Amino acid sequence: MLSRTADHLYWLARYTERAENLARLLDVSYQMSLLPQSIASQNENWRAILALNSLEDAFAEVYDEVNVENVLHFMVSDPANPSSIQSCLRAARENAHAVRGTLTAEMWESVNATWLELRQQQFDHILARGISEFFDWVKLRSALIRGVTFGTMLRDDALHFIRLGGLLERGDNTARILDMQYHVLRQNGDEAATDFYRWSALLRSVSAFQVYRKVYSEAITPARVAELLILRMDMPRSLHACADGIVRMLQLIANSVSAETERQAGVLHARLHFARIDDVLAGGLHAYLSDFMDRIYDLGDGISRDFLVAA
Amino acid sequence: MTVNFYNEMVDAEGNLRSHYRAFADWLASMPTERLARKRAEADTAFHRVGITFAVYGEEAGTERLIPFDIIPRIIPAGEWQALQAGLWQRVTALNAFLNDIYHAQEILRAGFIPSEQVLRNPQFRPEMIGVDVPSGIYAHVAGVDIVRAGGGDSYVLEDNLRVPSGVSYMIEDRKMMMRLFPELFSRHKIAPVQHYPDMLLENLRTVAPKGVGDPTVVLLTPGAYNSAYFEHTFLAQQMGVELVEGRDLFVRDDTVYMRTTQGPQRVDVIYRRLDDDFLDPLAFNKDSMLGVPGLLSAYRAGRVTLANAIGTGVADDKSIYPYVPEMIRFYLGETPLLNNVPTWILRRPDDLAYVLAHLPELVVKEVHGAGGYGMLVGPAASKSEIDDFRARILAAPDKYIAQPTLALSNCPTFVDAGIAPRHLDLRPFVLSGKGIGMVPGGLTRVALRAGSLVVNSSQGGGTKDTWVLESENA
């Protein structure tokens, strides 16, 4: 297929997945902010969200103060923030528009209708109706787009590039969410009672609360949560599952110059496949996740070079 | 001046024309609220599917719906057959003319058309002289605008031979009518139009360069901000061909390739929806970011087919239009079946004097303008607009032609005030390759403002489904 078409499909998937994960992250942060705590530590939490996306400076240009409402507005509806949910869904729609002939009619309509609906929602109304309802809507639209994609598209390279983009983004985003929450929890993780709520909120943010209960019989512990989200291959949002999918997609789209990118993906996958959570934690989770995100970034670079801007 | 308009549905005595009888019965039985509801349903569906066009001069990326009218324009079988024969004749002659002026130039040497009119025309492309194109076809897709005047006779208003658009609306309008009013399609025998993309693809495949067994066809678009982008994606998808932009293609050793995820892939036929000037920055507009460097060279070497060919603009130019009947007589030895609109050529002093004295009655058009931009409709213009145009004509008379204001026929149309007559035209699409063909009908454009004679979508025009009946009355 055309490299440019592949590029648009890949970014359509990345932006859609990013919007969904942003909704998940903001939702869990919002839920946590409702737990009893000092205003200072609450705002620390919101500051961490900005830091996670390297957006502190951009935020400071527009807002005086880091607080719930400002950060939510900035991350949900601000068109000036290229990483806001609105900007992501807009970018997804623009990428879809550029290749709408490659998409099935249902797919284009679900992406386009998502954008049209979003555009009609004022931030004030979103807040008034309850922000969680909005996050649920974003997750549902993303699920709808994914479902329509799987349910209607031919199993050819177009679909493979969409899946590749989605997996890469999801792996990165899960690592980010985990990194941030782990960090916050370690910082003020003294009261076991609120800890339970925090860990379960984190699990819920990646739809893993019930999964945890199913997989582990023991109480929620940080090590087990990390294991579930990093190493479990059967957990669809885990780093391992994402790496596994990336390797498979790369095999399907391989060309004459992509061997090195495939090798790197293979290495990443092997490191997750054969890892033990104790070793991961012993070396420091933050370092581990940072390394993972760097490798994902390099993979994105390689994919772009080998397939998307090919000569 | 009293003007008599031809009404497509009702004759001069107020009787229904027979081909509208069954439809009129149905329409009479429809409450206005139901029609309004159906129209709203159509608007929503068009928006959701994204059948929109971008408007030049407005904020970048502005997308608008082309208003769709739910009352169809109906053409009886016999009338269509006559029209089709005339269109085939005309497009055949236009292709012969293009082949001639880029080769032997016999029509010029025979003195039927003044040489300088052709050779000094900015649309004439000297790069094309002596270049042989497959089957001698230049205008693979022609969109010929037809209007019906007061007396009921049809006239050709323009031959669009460069990158005519609108065919996607023809197909989408039909789809919409079938969805909104399926019952109408069991009451009438309406010739189908949805196979147009298949015909187009087959036509493009027949003009592939010699020796290419299974040609790769692509559609070249200027990109997502072009006013007709929806149509480009629509046709590429319906034909199952890649929709490419200039940056997706490159030329090596006079061969055109597209950049794919599996490396370069050869391209044989380019259905291009990009004007000549932007095709190749090495040969034409060097600032073009939309074209493909080296494309002209590959084309001249016969390694790729462009549809339409480069240089077709010289045949649909408004200064050449008055000579089309001559072409038909010269190349085919036939009497023209379709009428030309009488045209004053303002480069001629007598014509200029007449036109300047009659501006309020006439339509004046820029020779190289298109899309309803840069024209004066005398009867609808204010005094200052006319004075302004007079000055523009005097400054460069050879840039303009003038025609009588045609009393464009009208057809009942569902507007805000209810059902009222509105003026319309018809753009049938003629496909030429190894053979010639078309789907019955075309795109009917309707001027939605009361009294307006300008049907262009950029000027507030809408569209109607066009029915060619397969038997005389129903």
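These numbers were taken from a predicted model, which means no experiment stands behind them. Proteins get letters first, then strands, A, B, ... in listed order; numbering begins at 1 in each.
Here the shortest heavy-atom pairing between B:Phe230 and A:Arg100 reads CD1-NH1, 3.6 Å. When all heavy atoms are compared, the tightest approach of B:Gln262 to A:Asp157 is NE2-OD2, 4.3 Å. Closest approach of B:Thr261 and A:Ser3 over heavy atoms only: N-OG, 3.7 Å.
Neither the backbone nor the side chain of A:Asp7 comes within less than 4.5 Å of any heavy atom in chain B. Heavy atoms closer than 4.5 Å to chain B are found in the side chain of A:Thr5, but not in its backbone. Interface remark: A:Val257 contributes no atoms to any contact with chain B (heavy atom separation under 4.5 Å). Using a 4.5 Å cut-off between heavy atoms, B:Glu245 touches chain A through backbone and side chain atoms alike.
The number of heavy atoms from other shown groups lying within 6.0 Å of CZ (A:Arg90) does not exceed 12. Within a 6.0 Å sphere centred on CG of A:Asp294, heavy atoms belonging to other residues, nucleotides or ligands number more than 12. Residue A:Tyr297 qualifies as open at atom OH: its count of foreign heavy atoms under 6.0 Å is 12 or below.
A:Leu2 is listed as a side-chain neighbour of B:Val244, based on a closest heavy-atom distance under 4.5 Å. A heavy-atom distance below 4.5 Å is found between the side chains of B:Glu242 and A:Met1. Contact check for B:Arg259 versus A:Arg4: no side-chain heavy atoms found under the 4.5 Å cut-off.
Per-residue heavy-atom pair counts under 4.5 Å with chain B were compared for A:Ser258, A:Ala6, A:Ala98, and the maximum is reached by A:Ala98.
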